[in-house]
There are 2 protein chains.
Amino acid sequence: MVRPRKDERIDIKTRAVESAARLFVERGTDAVTMQDIAAEVGCRAPALYRYFPNKEALLLAVHDDGFRRLYAHKAAAGRTAGDDAYERLRLGGLAYVRFALENPNLYELMFIERGPFLRLNALRAAGNAEAEDIGQRSLEFLKTSILACQKSGYLEGLDPDAAAFTFWSVVHGAVSLALRRRGPFHAVEPERIVAQAVETMMALVARTSR
Amino acid sequence: MVRPRKDERIDIKTRAVESAARLFVERGTDAVTMQDIAAEVGCRAPALYRYFPNKEALLLAVHDDGFRRLYAHKAAAGRTAGDDAYERLRLGGLAYVRFALENPNLYELMFIERGPFLRLNALRAAGNAEAEDIGQRSLEFLKTSILACQKSGYLEGLDPDAAAFTFWSVVHGAVSLALRRRGPFHAVEPERIVAQAVETMMALVARTSR
DNA sequence: TCCTGTAAGTGAATACCATTAACTTAATGA
DNA sequence: TCATTAAGTTAATGGTATTCACTTACAGGA
């Protein structure tokens with residue numbers, strides 16, 4: 001069997017991303033081989049190379065897909081939120097850290113691992129101008145939230161870009177440390193400590209109210 | 001040549017950590033093979049396995065060594081600092097992020113990569129009770145600094161453990177995002193943005209002064 | 001309808017690594 | 001002196017990403 005007929009073709013490109021996502025999320029990227037993915041898709045490993053130049057590229061595709069899903073999820077959640085800017089910021093932060101700790105392998109792939117980042121750099125170096133990092137939009141969401149807070153009298157006088165990046169740093173940092181068990185995790189569960197970091201940050205924000 | 005005589009022996013264990021550290025710091029862990037390290041040391045790759053059960057263990061040794069150097073560095077810097085607790089916290093944060101951005105590959109190895117963390121877990125799982133994470137001491141340093149700030153009237157009413165973890169989250173998060181170019185890095189240099197995150201955090205702390 | 005060039009796979013190499021095996025010689029100590 | 005152990009070596013082994021050479025299906029024109 002060398003080439004399947006039209007009626008028994010499978011959409012390798014799409015299915016590869018789906019399968020890789022599932023396997024990566026289950027086991028982490030290092031524990032998944034191209035053969036594993038191919039087996040899941042229903043083809044041999046070399047077939048994947050017709051659609052992705054290497055494993056890193058497949059990693060990046062899963063990474064991008066993860067962001068699209070995250071944003072869809074956030075957009076849906078945002079619509080049901082109230083209109084209190086402070087509370088929105090707080091719930092957004094808590095949602096972020098919960099998402100991360102509930103999907104640690106996906107979070108690693110999207111925010112921590114070097115592979116997708118390197119691949120993106122390679123694309124840019126190759127003159128691929130449209131190689132945009134879909135992850136950058138996280139920051140814009142956050143900035144909107146910060147601006148709303150400032151309109152409500154919080155964080156007066158702070159540069160909103162700097163504030164947004166700082167807030168993102170807290171949530172990302174807390175999650176990253178938790179995933180490596182860096183912190184006072186001997187006794188308490190990671191979820192609690194990470195949530196507490198968000199609450200601590202919000203307590204500081206609260207004291208900036210005029 | 002099968003085994004060197006006593007007078008032409010080399011201290012493989014020590015030199016392996018040194019060489020590995022240098023190579024890892026130069027190229028990043030993935031780009032360094034056991035052969036590269038052995039070549040640097042002056043032996044063959046399998047000889048390394050007499051002293052380290054696998055590459056991960058060697059990684060962990062370099063990781064631990066990095067922390068020892070970081071703490072020595074911090075202790076030296078601390079001695080020259082003034083007695084203003086707020087300023088100490090600020091300068092400590094700035095020193096941390098500068099260290100990270102000046103030694104990105106070392107920082108990756110110490111705080112971001114999964115390898116050393118997994119190795120530590122393996123040790124613990126094997127009942128190795130003294131497998132203590134030397135990285136945990138970072139947090140204690142920070143807590144001391146936070147407590148001093150509270151004595152000076154800042155951060156009143158906040159749990160010092162939570163505050164310390166939150167502060168660490170900011171600096172680690174900012175550095176981690178910067179290393180993946182996540183943030184408004186199109187125009188501005190990473191150093192500036194990361195430092196700005198520290199300053200933003202400190203601005204929030206300043207407003208808690210009674 | 002037949003022919004030809006291209007597309008989409010396949011199985012068999014290749015190359016690189018971490019790690020293990022089998023073996024050789026130096027040191028040690030009775 | 002000699003047996004045992006220690007410290008290396010070279011030569012496998014096994015796994016994995018990636019490339020190669022080849023086969024067959026399809027699409028489009030003669």
Side-chain angles (χ1 to χ4, degrees), chain A residues 1-17 19-20 23-24 26-63 109 113-119 122-123 126, chain B residues 1-17 19-20 23-24 26-63 109 113-119 122-123 126:
Chain A
M1 215 140 308
V2 170
R3 180 185 174 172
R5 305 217 186 124
K6 204 165 44 175
D7 52 340
E8 53 192 33
R9 275 267 195 54
I10 46 184
D11 181 358
I12 290 186
K13 190 162 187 174
T14 308
R15 294 196 44 173
V17 176
S19 300
L23 291 176
F24 288 156
E26 276 173 23
R27 311 183 198 165
T29 55
D30 285 350
V32 177
T33 72
M34 293 298 268
Q35 279 203 31
D36 294 337
I37 297 166
E40 196 86 355
V41 168
C43 65
R44 308 299 171 144
L48 300 173
Y49 287 81
R50 186 168 297 278
Y51 303 96
F52 305 92
N54 52 40
K55 192 182 179 183
E56 244 175 27
L58 186 44
L59 235 54
L60 181 59
V62 174
H63 160 280
L109 175 58
E113 289 199 14
R114 223 173 184 175
F117 167 66
L118 292 177
R119 173 71 193 157
L123 284 181
Chain B
M1 215 139 310
V2 170
R3 180 186 174 173
R5 305 217 188 125
K6 202 164 45 174
D7 52 340
E8 52 192 33
R9 275 266 194 56
I10 46 185
D11 182 358
I12 290 186
K13 189 161 188 175
T14 307
R15 295 196 44 173
V17 176
S19 300
L23 291 175
F24 288 155
E26 276 173 22
R27 311 182 199 166
T29 55
D30 285 351
V32 177
T33 71
M34 293 299 268
Q35 279 203 31
D36 294 337
I37 298 166
E40 196 86 356
V41 168
C43 65
R44 309 297 172 145
L48 299 173
Y49 287 81
R50 186 168 298 280
Y51 303 97
F52 305 92
N54 51 39
K55 193 181 180 184
E56 245 174 26
L58 185 45
L59 236 54
L60 181 59
V62 175
H63 159 281
L109 174 59
E113 290 200 12
R114 224 173 183 174
F117 166 65
L118 292 176
R119 174 71 191 155
L123 284 180

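The chains referred to below are lettered A, B, ... by the order of the sequence lines, with proteins before strands, and numbering in each begins at 1.
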Notebook entry, point to check: In terms of side-chain heavy atoms of B:P46, which of C:dA18, D:dT10, D:dT18 is nearest?
Noted result: D:dT10
Checklist line | Nucleotide of D:dG8, D:dT19, D:dT9 approaching B:R9 most closely (side-chain heavy atoms) | finding: D:dG8
Interatomic distance, [X] [atom1] vs [N] [atom2] [rounded to whole Å]:
X     : N      : atom1 : atom2 : value
B:I37 : C:dT19 : CD1   : P     : 11 Å
A:Q35 : C:dG9  : CD    : P     : 17 Å
B:R44 : D:dT9  : CZ    : P     : 6 Å
A:K13 : C:dG9  : NZ    : C1'   : 17 Å
B:D36 : C:dC16 : CG    : C1'   : 12 Å
A:Y49 : D:dA17 : OH    : P     : 6 Å
B:L48 : D:dG8  : CG    : P     : 10 Å
A:M34 : D:dG15 : CE    : P     : 19 Å

Notebook entry, point to check: Should A:Y51 be listed as having a side-chain N or O under 4.0 Å from OP1 or OP2 of C:dG9?
Noted result: yes
Check: Quick one: is D:dA6 close enough that its OP1 or OP2 comes under 4.0 Å of any side-chain N or O from B:R50?
Finding: no
Next item on the list: Run the numbers on B:L60 and B:L123 for side chain to side chain contact (heavy atoms under 4.5 Å, CB included), then give the verdict.
Entry: CA-CA 11 Å; B:L60 181 59; B:L123 284 180; 3.9 Å; yes
Note to self: I'd like to know whether CD of A:Q35 has more than 12 heavy-atom contacts from other residues, nucleotides or ligands below 6.0 angstrom.
What the structure shows: no
If you look only at distance, which donor and acceptor atoms sit under 3.5 Å apart when one is on a side chain in residues 43-59 of chain B and the other is two or more places apart or in another chain?
| from | atom 1 | to | atom 2 | distance (Å) |
| --- | --- | --- | --- | --- |
| B:N54 | OD1 | B:E56 | N | 3.3 |
| B:N54 | OD1 | B:A57 | N | 2.9 |
| B:K55 | NZ | B:V32 | O | 2.8 |

Margin query: For A:D36, give me all partners under salt bridge (charged side-chain N to carboxylate O under 4.0 Å, His left out), at least two apart in sequence or on another chain.
Written below: A:R27
